[in-house]
Chemist: 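Take this structure, written in structure tokens, and hold onto it; I'll ask about it next.
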Protein chains: 2
Amino acid sequence: LALLGCGTVGRAFVALAAAKDAELRARYGVRPRFTGGLTRAAPGWIAPDGMAAIDLLASGWPASGTIPPGANAFGAADGSVAGARFAATCPADVVIELTPLDPLTGEPATGHVRAALAAGRQVVTANKGPIAHAYRELRALARERGVALRFESTVLDGTPIFNLAEFSLPATRVDGFRGPLNSTSNFVLGAMAGGRSSEEAVADAQAAGIAEANPAYDLDGWDASVKATVLANVLMDADLRPADVARVELGAAAMRAALAALPPGHTLKQMVEAHRAPDGSVRAEVRLKALASDDPLAHLTGMETAIQLRTDTMGDLTIIEGAGGPGQTAFGVLADVLAIARGLGAPDLPIREEDHP
Amino acid sequence: LALLGCGTVGRAFVALAAAKDAELRARYGVRPRFTGGLTRAAPGWIAPDGMAAIDLLASGWPASGTIPPGANAFGAADGSVAGARFAATCPADVVIELTPLDPLTGEPATGHVRAALAAGRQVVTANKGPIAHAYRELRALARERGVALRFESTVLDGTPIFNLAEFSLPATRVDGFRGPLNSTSNFVLGAMAGGRSSEEAVADAQAAGIAEANPAYDLDGWDASVKATVLANVLMDADLRPADVARVELGAAAMRAALAALPPGHTLKQMVEAHRAPDGSVRAEVRLKALASDDPLAHLTGMETAIQLRTDTMGDLTIIEGAGGPGQTAFGVLADVLAIARGLGAPDLPIREEDHP
């Protein structure tokens, strides 16, 4: 495994892999070895023989500011290493893309994923950008190269959604979905319904560690529109971009107005909704919705997120994530790595001679 | 595929397989062929060359009372055929066990499953009995023979629970679960909370087609205790029997008393709960619980069922089934058949020469 990007989620993933080491060997015959890491915060490295998660964890990289013991420095001495070059050349079977998201462009993550796939590497990413902006191209590339592209943690942290659909909802058509996918907006709405001003509620969300520095990304529906795009493209075979998702009546002023006009017994949520139009196209939108009290989604706390899938085989299925965080996102990455290692839904892990002489 | 038992669920399964025929071929390269059927209501048959789902559907079996065109009669002329003999000798790769449940003994389904596995056949069942009464024995037998034993539809119809845990929650420890698993009880409680007597509410549930002829099986918690046993044995590696599940304060009189004492803003549900005790053992119980309004499970209608899993990797995950029925149960059977055909989590489908000369 090579880590491209290693912030909060990357460190949680290494810790999880270390904690689960014995279980992975016993249950699946799998022992992850880390063969490279690259992040903006610390020197990059490669270790063709690989190191166990516990040893990478003990090295303190990237917080240490130095490469792990026994690893070789990656990149030029001036630090101008390129993520795409790392993705294409690091000695890894699986490249794990965890760099920060630019939701408007999907870069640099899309370039990283493209380079890794083109070089025949399996890819796991928690980054919504590549899936929202370039899913069809990357899916085709992965199929052509016979490798996996997995991305469970792009929506609702590691809550099984894409893996659920692929492995446990076979032969099923998803006709639509809905959910309060942006936890910051719904945390803020809950606090405002309790009497806080929008500014106070945003400060509360930031203090709770769930809000971005710029709350408009959440409150104005950009985060939800990127998630809606990923879900629609993957589950409903749409070809949307985030700008194709209608964003209706959002932001602090609309939230205040909608709360003031809320019918008794209802709860206001920022909701993503998608459906297939009569012409076969997929329409998605983000808007404030007044949910009636008999809607299970009306009673989620601000920390809970959920998605309801409308299917032709099972009717409505709803999945609620109790509390999300880096640990849950890291779990989704591990689930994807294990799906590859177990040969589920993808070609078996190719062993390349040049990597394992 | 051979059908052992073919009531409402079996007919829904054949219809679903027929409706999804083109999709199964296109997406998975799979085309189910039916090679035998046995039920108490009609003559049994075998057809070594198999017939497509659409042809079996068109034959009208078992309602027709005659074997499908081109099939051979199975069993003695006096009708004293044995399910276990059918399970062991019918020319099928997968035996689908759908006979009526005797929850107290698990028979005759357990004997059918045992015979099929011992003969090297893959087994899919929607029958709780074998999993509640003989899971460890049958699991060991399946592993020894290198075949699959799958049972998604034993709890919450075909809602992905066991397949979810196996394929999409890898390396995860389930520390407990809770849920309103018996829809009849919760339908009746909802009607009683709305002012109906328990007798009227039971009649409503029977009219809605969700209650058994004998409501005590649901209201006294037997159905829930069998489901709790299946979940605990599979998800938590327990070795319980239904009698090991505590049934506390159940039945119509307890329901009336608990409703009368219900705190404002709460909802009464018949809940299954299981947890791991400090000594490592798994404890499960069925009881009436007053759920507070911030509990997502408090707002389910009487037709919805749900399970909340407490896990070490994802925290709490809740899955809600919007509406269950034979179609949803049939879907779980199809999901299990496809998991076998796709080689997920089980040995590849063995092609036996004697069956496909």
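First the proteins, then the strands, lettered A, B, ... as listed; each starts at 1.
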Chemist: With a strict 4.5 Å heavy-atom criterion, list every residue of residues 168-187 of chain B that contacts chain A, or say none.
Modeler: S168(B), L169(B), P170(B), A171(B), T172(B), R173(B)

Chemist: More than 12 foreign heavy atoms under 6.0 Å from NZ of K289(B): is that the case here?
Modeler: no

Chemist: Relative to chain B, which of P296(A), G315(A), A323(A) shows the most heavy atom pairs under 4.5 Å?
Modeler: P296(A)

Chemist: So for L317(A), is it side chain, backbone, both, or neither that comes closer than 4.5 Å to the heavy atoms of chain B?
Modeler: both

Chemist: Check whether Y28(A) gets within reach of chain B through its side chain, its backbone, both or neither, counting any heavy atom under 4.5 Å.
Modeler: side chain

Chemist: I want to check something: taking the side chain as every heavy atom from C-beta on, are L344(A) and F167(B) in contact at a cut-off of under 4.5 Å?
Modeler: yes

Chemist: Side chain, backbone, both or neither: which part of L164(A) has a heavy atom under 4.5 Å from chain B?
Modeler: both

Chemist: Heavy-atom distance under 4.5 Å to chain B: side chain of E23(A), backbone, both or neither?
Modeler: side chain

Chemist: Do you know which of M314(B), E321(B), Q328(B) has the most heavy-atom pairs with chain A at a distance under 4.5 angstrom?
Modeler: M314(B)

Chemist: Do K20(B) and D312(A) make a side-chain contact, defined as non-hydrogen atoms from C-beta onward lying under 4.5 Å apart?
Modeler: yes

Chemist: Is chain A contacted by the side chain of L338(B), its backbone, both, or neither, given a heavy-atom distance below 4.5 Å?
Modeler: side chain

Chemist: Do you know which of A19(A), G325(A), G327(A), A335(A) has the most heavy-atom pairs under 4.5 Å to chain B?
Modeler: A335(A)

Chemist: Quick check: do E304(A) and T318(B) have side-chain heavy atoms less than 4.5 Å from each other?
Modeler: no

Chemist: Specify which of D295(B), T159(B), L300(B), T329(B) makes the most heavy-atom pairs with chain A at under 4.5 Å.
Modeler: T159(B)

